[in-house]
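Beneath this line is the structure, given in structure tokens, with notes to follow.
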Protein chains: 2
Amino acid sequence: MSTRDRLVESTRELLRERGYTGTSPKAIQQRADAGQGSMYHHFAGKQDLALAAITRNAEELTAAAERELSSPGSPTERIAAWLRREREILRGCPMGVLAQDLEIIASDALRSPIAEHFDWIRGQLREILAEGDLDARLADTFLAVLQGGYVLARAAGNTEPFTDAVEGAIALLERATAV
Amino acid sequence: MSTRDRLVESTRELLRERGYTGTSPKAIQQRADAGQGSMYHHFAGKQDLALAAITRNAEELTAAAERELSSPGSPTERIAAWLRREREILRGCPMGVLAQDLEIIASDALRSPIAEHFDWIRGQLREILAEGDLDARLADTFLAVLQGGYVLARAAGNTEPFTDAVEGAIALLERATAV
DNA sequence: GTCTATACGTAGATAGAC
DNA sequence: GTCTATCTACGTATAGAC
């Protein structure tokens, strides 16, 4: 992996762990095993690095969501498959964590790629919900169950609240559609 | 308000806005219009201040939740009333924001009062759900809808995702219980 | 491309005077 | 109780040599 790539990967890890405010250029360099000059040669600064990391996150998360949401099955089954995907819960959501950081939300350059990613998933979910004649607002409900599940799990120090939140939501959807 | 109280209130505001990592002792002092020496006279340091702020948050949020959850009405109505309470969405959840901060979750002293607060609400919700013979896991589902709603709203820069998430969840619950 | 030097401000306190 | 001084480390770069 090139030095440039290592810098982006380090930034991704650190942003996920510690958020934007909690991540320093120095920490990025050390984790990437790159020098100061090297980092500033490849990137204009911390914000530029974060932008590259967010872009990479969006690519990966989009590809993953596409897999489950376009699998065969009923709307309920596809949404359930997406909700149940293996995730490293206690590490937090790579995008969701950033959406809670004031320095991110205060900067349009950093916030909008995150907003666009959520917009994209919301759109995919709405299409699926429409197939089943389901309430379009449920797209945000399920997105929120996921994001909130991360929050509750991190607060509790274990993944159970996440699992319960997701399974409760799926059970509710199944019951509502079984009418 | 005493200097001590002003320090706690400033800390509460700053923690909600910027998180624990993003809040400095200096910023707390300036917002409280208190000097350095004054702050360290009343509190041992940043962590001590945060602890006082979290305790105060828990008291207020507990009182508020108690109001809606113990109002008259069916389980669905009481949960809906709680979910629909007026909130300053774009300022973030005073507790939820902290649960995403690594410095908080890494410290048992800071994390556990937050965990206990969520535990308490979860318990209240489960009692209500039991009355209606509803799935106990829905306690975390609704808690997550709320927390995730905050995340989505902040990412989007507007409150619509929060409202949609909440209303979608309530509609789903009503439909499932109407069987 | 990478390294070292330099810089100015902030973070998070401690010490002691008043 | 509050103030000012002081301290060490870190944050976030820029400059210029190699």
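By convention in this document, chain letters (A, B, ...) are assigned in the order of the sequence lines, proteins followed by strands, and residues within each chain are numbered from 1.
If you measure from atom CD of Gln30(A) to atom C1' of dC10(D), you get 11 Å, rounded to the nearest angstrom. Taking atom CZ of Arg4(B) as the reference point, atom P of dT2(D) lies 12 Å away to the nearest angstrom. Between the CG atom of Asp33(B) and the C1' atom of dG1(D) there is a distance of 15 Å, given to the nearest Å. Per the geometry, CD belonging to Gln29(B) stands 12 Å off C1' belonging to dC3(D), to the nearest Å. Residue Leu7(B) contributes atom CG, which lies 12 Å from atom C1' of dG1(D) at whole-angstrom precision. Rounding to whole angstrom units, CG of residue Asp5(A) and C1' of dG1(C) are separated by 15 Å.
Both Leu172(A) and Val145(B) sit in one connected hydrophobic cluster of ILVMFWY residues. Membership requires side-chain heavy atoms under 4.5 Å apart, directly or through other members.
Arg12(A) and Glu9(A) are joined by a salt bridge, as a carboxylate oxygen and a charged side-chain nitrogen come within less than 4.0 angstrom of each other. Ionic pairing of Arg122(B) and Asp140(B) is present here: one or more N-O contacts between side-chain nitrogen and carboxylate oxygen are shorter than 4.0 angstrom. Look at Arg18(B) and Glu13(B) and you find no salt bridge, because none of the NZ, NE, NH1 or NH2 atoms lies under 4.0 Å from a carboxylate O.
Close to dT2(C), at under 4.0 Å from its OP1 or OP2, lies a side-chain N or O of His42(A). For Thr3(B), no side-chain nitrogen or oxygen approaches OP1 or OP2 of dG1(D) to under 4.0 Å.
Counted within 6.0 Å of CD on Glu59(A), heavy atoms from surrounding residues, nucleotides or ligands total more than 12; the atom is thus considered enclosed.
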Step by step, would you call Ile54(A) with Leu98(A) a side-chain contact (heavy atoms from CB on, under 4.5 Å)?
CA-CA 9 Å; Ile54(A) 291 171; Leu98(A) 300 179; 3.8 Å; yes

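Screening Glu68(B), Gln124(B), Glu131(B) for a side-chain hydrogen bond (donor to acceptor under 3.5 Å, both in side chains) with Arg78(B), the sole residue that qualifies is Glu131(B).
Taken over five-pair windows at either terminus, the axes of the helix from dG1(C)-dC18(D) to dC18(C)-dG1(D) are inclined to one another by 0° (rounded to 10 degrees).
Side-chain polar atoms of Gln147(A) and Gln147(B) form no donor-acceptor pair below 3.5 angstrom.
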Give the B/S/- string for nucleotides 4-18 of chain C, one per nucleotide from 5' to 3', where a protein heavy atom under 4.0 Å of the base yields B, of only the sugar-phosphate yields S, and otherwise -.
B-----SSSBB----

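Side-chain contact between Pro25(B) and Gln29(B) is present, with heavy atoms from C-beta onward closer than 4.5 Å.
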